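I have placed the structure first, in the form of structure tokens, so that the comments after it can refer back to it.
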Amino acid sequence: MSLVVCSLKWDLGTSGTGPQRISYDSDGYHLVRFPYGRAGESTDPWGMHDPAHGGSGTSVYPDARSGLIHPSHDGWGVLSAMVIWQPDTRPSEFRARFVRDPLGQSTGYDSTGTCDSAHTGGSQFRTYMWQFAVKRGTPVGLKVTARGSDDRRIAVPVTLAEFKLAIHTDVLLPGSDAGYGGGRADGSAPAA
């Protein structure tokens, strides 16, 4: 089975930019941004986090497009993330979600895999995972929010974030030799 991956990381310790400041979109969540390039632990052999994707000009970190992964293949996507927030006693809840087309540039905003957790002492360390079919032309993003009493949004800075997409390209569908990624049961490509 073929697997293609994109793994992004932003870390306060190596960014030289200070904590990632939180600005909430109309959905009440912040789209986490990632620098371009393959510095540190980031890897993008399929060019899924390319600044040329998703607009008429070149994206520059930390604009909103720098928060997107553009799947290079159709297939079964396994999305995972890690987020660490600065210590802050005001929030009572931390949430994250994965979103198809978070900027509304192709198929329309579609959030999934939303989860929440209660505040613990000190920094907030969270990991997330969700799976769904991904398609070329529909970017995916990681969105986060910190909430206080009365569901009030609190802009708690992020000090580390990772966002990963692994696409299984040969997932078979019942009654067919073809699957999500167009692969066949024998591992060969479908006939043209």
Side-chain angles (χ1 to χ4, degrees), residues 5-44 48-49 51 53-55 59-70 77-105 108-132 139-166:
V5 298
C6 178
S7 177
L8 308 177
K9 182 176 182 179
W10 177 87
D11 183 354
L12 171 65
T14 59
S15 72
T17 61
Q20 189 166 145
R21 299 291 173 202
I22 303 299
S23 58
Y24 288 117
D25 298 326
S26 61
D27 65 351
Y29 285 77
H30 169 76
L31 180 63
V32 180
R33 274 71 162 179
F34 297 89
Y36 293 104
R38 296 183 182 141
E41 294 180 34
S42 292
T43 184
D44 186 21
M48 292 189 251
H49 186 64
H53 287 311
S59 171
V60 178
Y61 171 81
D63 69 14
R65 284 174 36 210
S66 67
L68 304 178
I69 293 178
H70 294 262
V78 178
L79 293 89
S80 56
M82 180 169 72
V83 179
I84 301 175
W85 281 274
Q86 269 187 344
D88 193 316
T89 59
R90 297 172 299 157
S92 57
E93 177 185 14
F94 292 85
R95 298 180 196 165
R97 61 177 35 166
F98 296 105
V99 181
R100 295 177 191 95
D101 193 20
L103 301 180
Q105 298 175 326
Y109 184 103
D110 181 16
S111 68
T112 185
T114 301
C115 65
D116 62 351
S117 58
H119 182 275
T120 59
S123 294
Q124 304 300 305
F125 301 84
R126 303 290 189 274
T127 58
Y128 309 98
M129 190 181 96
W130 199 245
Q131 302 180 45
F132 54 81
V140 295
L142 168 67
K143 298 196 86 172
V144 299
T145 186
R147 303 291 176 108
S149 60
D150 299 325
D151 207 33
R152 182 175 37 93
R153 292 175 280 213
I154 301 171
V156 179
V158 170
T159 60
L160 184 140
E162 295 188 26
F163 180 32
K164 302 167 188 306
L165 171 62

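Keep in mind the model is a prediction, meaning the values are calculated, not measured.
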Subject >> Lys143/Asp25 salt bridge by N-O under 4.0 Å criterion >> reply: yes
Subject >> Worked verdict on Arg147 versus Thr145 for side-chain hydrogen bond (donor to acceptor under 3.5 Å, both in side chains) >> reply: CA-CA 6 Å; Arg147 303 291 176 108; Thr145 186; 2.8 Å; yes
Quick one: does [X]'s side chain get under 4.5 Å of [Y]'s, heavy atoms only?
X      : Y      : value
Val158 : Ile22  : yes
Lys164 : Val5   : no
Ile69  : Leu79  : no
Tyr36  : Ser59  : yes
Cys6   : Leu8   : yes
Arg126 : Asp116 : no
Thr14  : Lys9   : no
Trp85  : Val144 : yes

Heavy-atom pair of closest approach, residues [X] and [Y]:
X      : Y      : answer
Ser42  : Gly37  : CB-O, 4.1 Å
Trp10  : Arg33  : CB-O, 4.0 Å
Trp130 : Thr112 : NE1-OG1, 2.9 Å
Arg153 : Tyr24  : CB-CE1, 3.5 Å
Tyr128 : Cys115 : CD2-SG, 3.1 Å
Gly67  : Leu31  : O-CD1, 3.9 Å

Okay, side chain of [X], backbone of [Y]: is any donor-acceptor separation there less than 3.5 Å?
X      : Y      : value
Asp11  : Gly13  : yes
Asp44  : His49  : yes
Gln105 : Asp101 : no
His119 : Asp88  : yes
Glu93  : Pro91  : no
Ser66  : Val60  : no
Gln20  : Val32  : no
Arg95  : Thr114 : no

Got a second to check how far [X]'s [atom1] is from [Y]'s [atom2], nearest 0.5 Å?
X      : Y      : atom1 : atom2 : answer
Thr159 : Leu12  : OG1   : CG    : 6.0 Å
Ser117 : Phe125 : OG    : CZ    : 12.5 Å
His30  : Leu142 : NE2   : CG    : 9.0 Å

Subject >> Step-by-step side-chain contact (heavy atoms from CB on, under 4.5 Å) determination, Leu165 to Met48 >> reply: CA-CA 9 Å; Leu165 171 62; Met48 292 189 251; 4.1 Å; yes
Original post:
Considering residues at least two apart in sequence or located in another chain, which fulfil the salt bridge (charged side-chain N to carboxylate O under 4.0 Å, His left out) criterion with Asp63?
Top reply: none
